[in-house]
There are 6 protein chains.
Amino acid sequence: MNIVFRNTPRAPAAVVAGFAEFGVATVHEAQGRTGLLAPYMRPIFSGNRICGSAVTVSVAPCDNWMIHVAVEQCRPGDIMVVAPTSASDAGYFGELLGQSLHAHGVKGLVIDAGCRDIRELKELGFPVWSRCVYAQGTVKETLGSVNTPVVCAGALVNPGDIIVADDDGVCVVPRLEAAATIEKCGAREQKEAKVRARLRAGELGLDIYDMRKRLAERGLVYQDAPSEK
Amino acid sequence: MNIVFRNTPRAPAAVVAGFAEFGVATVHEAQGRTGLLAPYMRPIFSGNRICGSAVTVSVAPCDNWMIHVAVEQCRPGDIMVVAPTSASDAGYFGELLGQSLHAHGVKGLVIDAGCRDIRELKELGFPVWSRCVYAQGTVKETLGSVNTPVVCAGALVNPGDIIVADDDGVCVVPRLEAAATIEKCGAREQKEAKVRARLRAGELGLDIYDMRKRLAERGLVYQDAPSEK
Amino acid sequence: MNIVFRNTPRAPAAVVAGFAEFGVATVHEAQGRTGLLAPYMRPIFSGNRICGSAVTVSVAPCDNWMIHVAVEQCRPGDIMVVAPTSASDAGYFGELLGQSLHAHGVKGLVIDAGCRDIRELKELGFPVWSRCVYAQGTVKETLGSVNTPVVCAGALVNPGDIIVADDDGVCVVPRLEAAATIEKCGAREQKEAKVRARLRAGELGLDIYDMRKRLAERGLVYQDAPSEK
Amino acid sequence: MNIVFRNTPRAPAAVVAGFAEFGVATVHEAQGRTGLLAPYMRPIFSGNRICGSAVTVSVAPCDNWMIHVAVEQCRPGDIMVVAPTSASDAGYFGELLGQSLHAHGVKGLVIDAGCRDIRELKELGFPVWSRCVYAQGTVKETLGSVNTPVVCAGALVNPGDIIVADDDGVCVVPRLEAAATIEKCGAREQKEAKVRARLRAGELGLDIYDMRKRLAERGLVYQDAPSEK
Amino acid sequence: MNIVFRNTPRAPAAVVAGFAEFGVATVHEAQGRTGLLAPYMRPIFSGNRICGSAVTVSVAPCDNWMIHVAVEQCRPGDIMVVAPTSASDAGYFGELLGQSLHAHGVKGLVIDAGCRDIRELKELGFPVWSRCVYAQGTVKETLGSVNTPVVCAGALVNPGDIIVADDDGVCVVPRLEAAATIEKCGAREQKEAKVRARLRAGELGLDIYDMRKRLAERGLVYQDAPSEK
Amino acid sequence: MNIVFRNTPRAPAAVVAGFAEFGVATVHEAQGRTGLLAPYMRPIFSGNRICGSAVTVSVAPCDNWMIHVAVEQCRPGDIMVVAPTSASDAGYFGELLGQSLHAHGVKGLVIDAGCRDIRELKELGFPVWSRCVYAQGTVKETLGSVNTPVVCAGALVNPGDIIVADDDGVCVVPRLEAAATIEKCGAREQKEAKVRARLRAGELGLDIYDMRKRLAERGLVYQDAPSEK
């Protein structure tokens, strides 16, 4: 059955906003190294860092009909997540849909397929993370679903999950774990700030992390390189 | 037999120039979703949009001899299209050949192989769409042909066909259909301009394209998300 | 046995510095078309050209422990080269390690695996050439080696070899051939400078390289395109 | 948290057995074209068709520790499904683990990573569907989970879901939809049997499926090929 | 415009039959190293060698409607060649269509997309060369064309061209060059038979092909390996 | 400089023969998980297990001239290892060269490029591990080297190293470590034989390897699946 779920729950705006200062690597680490989409998901232009609640869209191969349907279910601050039911490079998304999402306050798009109108989307300032850039058109013949769970680029995304995306890629945070994850992100950043200061001063990770003893126990051998004649 | 065809017909300059205002996605759509080269063809630097008549070059694997031969057959405004007879990542093309084509008024290069001297070609302002960036050198031992039909990145290109290339990729337009395609591009752009204005104003594609009835007929179900306890 | 070689020989500073003016394509050609790493090795941000002595690091799959160990073996001007013993996309390297290498004067990193914290590394100005961008974290459980010979992206790299990297990719020069290679690079550049001037003036490679006779001997046929009715 | 769920529910044996006569393509179609794992999942030797209840295993990159843990949770007739948390080609599974699973009545393995000891597993008659064949060893250092939901080769698999695998690949059926899916498979097979008989007799699909009118409405043109002079 | 060309010319049956004794490598070489489809085109089961006249089918992405249309245009001895207008892994072809083509005397299928029902097609003895094996279903919504020129896996195929396929892959021979190519194949095979006999007797290619002098002229150096202490 | 080293040292015949009973996975493990070639190296037909001394061949892209040169340097029991200086899918090797190597007692070929004449090589019983199957012909224009160190599919191979290849892939053993590696292989097999017997009897790896305590220490939680209503 093809279904559009309306009014799916989202995390409180304050929680979503809490991710604004954290990058994908931090969030991924903070939640136990889970949630990353595959590394082939790349931004169509660099320099963006966004977070928001997922509106999920399951689309048929080479058919972007349900993206039009899904726009109506988006709220300002959301991020649209599109997953075809079969792998496709086709260009499901271009500037006109970008204008539409932009007009509804959507922050960006994550699509496990192709995107087109790169120049225009960049001018519009609408960020997209996609599998590839390809101008191949799609049809509007087959139904899909909106706001059902989807597997996007190898990661399970439920509607209302938090999406964090930057130049490192895309990470998904389960909605009900969002608040706890933000705390862990903050703790991690604080810890890293101290380490960063020491590393900048030239201290070695070997000493900061106290690795020497464990390396020796494992049997690491240090030796001067053989002299040359 | 290896052959160089001279004075292959080109579309009238006014027709070629007519493509200047249209992007790859528009041209691809206007001619019935045909003509795209494979999505792995990417610009070596972004921000270019060019159109011109194809000078086609069929080269042996890892052998760029015929590119030198083909320069002589180029006219100002042309675009060179190079296709190896067997897939190769080798760097057939670099800055010196870029200087040569630039000096003869060639607008750019489309090559289903590697390109090198990226920094220098960017400084020169000579755009290239290639399969990859790779410095691997090539030899000059085996003949090929110039201005014969080639298959480049999955698309058939005849000499004199119109090439349109931008950040979305590369599209080829058969020479004799060029004028008709421009008209269709214009019509498409006009139609899109109206839709764009409405989408920017927040109207939904669902309403603009009158999709709701057809979606219902196909059986799309709308439902509020189950409430959470 | 896992080993860290200390004080591995490096080429004299003046020799290393001699590569500063040459790009990857030139160096690759000058040493007989050898030394290139695979074309999938791309810079995480463009516009850099670096050269330096290799500190090699052999790491276990998804384990970046030895990178920490290797920092201590680096000297100002070195370039770190990391090769996993089994192919991996994981993000072995991020901003903190970048800070550490930067503090020790290391010029850049070449890693046949993933890199993360792209934005921060770009802000820091620390260039990386990697197989991919991916935030996936790694562990610190298994030993590897430092300054042993490694195969990185298909190329053999010995500690102390010269690494040259720019937007075209990465090339390795055996340490003991470095001085001779610089001479060949210079000779090649001088020759190219002359050819460049002639090509810019519109002369054809066909004439500059005196190719016409050899093409004819091989049987290349020139013919006017058939006229159209 | 790393967890092993014991005694996860399975579909009744009679229901699981009901899939024995249906292939992957039939099951995929019967449940609305869902459930397929990515096409890179190939059998290590051909000629098998198995079905069973999934025991899911989430493993760390290049670490097969949890496969040992999962064996204990398997029951006769089950199929083990292994998904690394980061893509890997490493050989997580070989003959010894095959012997172990075989001894516990497990029907086969589906693993989104590498497999080794192909010859021995074939002699044992233990079928495996894997991403690749690779002898690269793995470690036993990092925990994972057993019988939690996993994404395997792009498909969501819950413990107790039905796995169907044959030379066409792998398909997953949600446990609670298994009975209904069998019915649909049966209906589909009956319908196909009739069509098969007619096709074998030389009738055209055009006529059996009554396509001619719809083709004409869509504008398909039939025309004799131009005669040649 | 979508069109079905009927009664496209084929080479005389005697000419087509003339290819029966030659493999793909021989044919490819005989016609000047042209005509090969990409190496990703693999047989779904090995041991077949077929030749026949191409019936070409251009299909929309993930839409196999036109294959049904094309069956009617096939004659005994033909080979169907299917090319999607956009790259796709979907399973356009399975056992039922195999039964239909088999009933009409078609010798095999070449498809630049996915195939399914591998086991059944093998039992039927209907050979297929495809991009991949994948059970993903397709729709019947969008028109394509039959017996127009197509680009299939990087090779231009015109209706009536000769297709030769075996375990090495697929090669296409332009119809009007078919007779001449057979002659060249025969000459090549005769020449190879003599060389084969000499090689089997232990003679070296170096001597048979008289390579030693040319190698020396090019500067090849022979040297005993350095002795080991 | 292009060079052919004659009479490169090989391991004693008895040592080479010692590998006959061990598979690729065992050898790879025994030498500390090193020496594997990339997983894309696959046998052109299955069921072979060979070992022998490497004769290495460095060839130019799409040029198989040096393979002819290398035949003369082969001795009965050797295995030829071919590595192009730039990645290539071309079919460097076919039945005639197979006849030649077979006549000289060479056991098989490992080539990081394409192979052709699959059917004939299978009939001849000459095993090949290659990157792909492709009929694309190569030229004989550019020199390479024989019996110099090469990087083949990511692994460094020196002349005289031991090559072990079977359905799992290909592994290289440094010549001077060959004898020691055989001992380790034997020890490993003995240990595995005992484990195999216990696993076949249904014992768990958890108990055989005494893993339960360490799993608990790391924090693995066991829990019954939640009951369903």
Original post:
Nearest 0.5 Å, what's the CG-CZ distance between A/D167 and C/R119?
Top reply: 6.5 Å

Subject >> Pairwise side-chain contact, A/P226 with C/F5, heavy-atom cut-off 4.5 Å (strictly under) >> reply: yes

**OP:** Name the option with the most non-hydrogen atom pairs under 4.5 Å to chain A; the candidates are C/E95, C/M1, C/H102.
**Re:** C/E95

Subject >> Structural part of A/R198 lying under 4.5 Å from a heavy atom of chain C >> reply: neither

Subject >> Contact origin within A/L215 toward chain C - heavy atom pairs under 4.5 Å >> reply: both

Subject >> Criterion side-chain contact (heavy atoms from CB on, under 4.5 Å) on C/M66 and A/L220, from CA distance to verdict >> reply: CA-CA 10 Å; C/M66 296 310 287; A/L220 187 64; 3.7 Å; yes

Original post:
With side chains defined as the heavy atoms from C-beta onward, is the minimum distance between C/Q99 and A/V195 less than 4.5 Å?
Top reply: no

**OP:** Give, as side chain, backbone, both or neither, the part of A/E192 having an atom under 4.5 angstrom from any heavy atom of chain C.
**Re:** both

Subject >> Most contacts with chain A, counted as non-hydrogen pairs under 4.5 angstrom, among C/N7, C/D89, C/L96, C/L97 >> reply: C/L96

Original post:
Which region of C/E123, side chain (C-beta onward) or backbone (N, CA, C, O), has a non-hydrogen atom less than 4.5 Å from a non-hydrogen atom of chain A, or is it both or neither?
Top reply: neither

**OP:** Pick one of side chain, backbone, both or neither for C/D117, based on which atoms fall under 4.5 Å of a heavy atom in chain A.
**Re:** both

Original post:
Just by distance, do the side chain of A/D168 and the backbone of C/I118 share a donor-acceptor pair under 3.5 Å?
Top reply: yes

Subject >> Ring-face cation contact, C/W65 with A/R214, 6.0 Å cut, 45° max >> reply: yes

Subject >> Toward chain A, the part of C/L143 with a non-hydrogen atom under 4.5 Å >> reply: side chain

Subject >> Validation row: C/V71, A/L206 side chains within 4.5 angstrom (heavy atoms) >> reply: no

Subject >> Charged N-O contact under 4.0 Å between C/E120 and A/R196 >> reply: no

Original post:
With a cut-off of 6.0 Å (strictly less than), are more than 12 heavy atoms of other residues, nucleotides or ligands near CD of C/E183?
Top reply: no

Original post:
For chain A, which of C/P159, C/A135, C/P9, C/A103 has the most heavy-atom pairs under 4.5 Å?
Top reply: C/A135

Original post:
Among A/V27, A/T34, A/I208, A/L36, which has the most heavy-atom pairs under 4.5 Å with chain C?
Top reply: A/L36

**OP:** Below 4.5 Å from any heavy atom of chain C, which atoms of A/D207 appear? Answer side chain, backbone, both or neither.
**Re:** neither

Original post:
Are C/V69 and A/Y222 side-chain neighbours, meaning at least one heavy-atom pair lies under 4.5 Å?
Top reply: yes

Subject >> Segment of C/T138 engaging chain A (4.5 angstrom heavy-atom cut-off) >> reply: backbone

Original post:
Does NZ belonging to C/K140 count more than 12 external heavy atoms closer than 6.0 Å?
Top reply: yes

**OP:** Under 4.5 Å, counting heavy-atom pairs only, tell me which of A/P39, A/G23, A/A225, A/A201 racks up the most with chain C.
**Re:** A/P39

**OP:** Could you look at A/Y209 and say if it's the side chain, the backbone, both or neither that has a heavy atom under 4.5 Å from chain C?
**Re:** side chain

Original post:
Most heavy-atom pairs under 4.5 angstrom with chain A, which of C/C115, C/S145, C/S100?
Top reply: C/S100

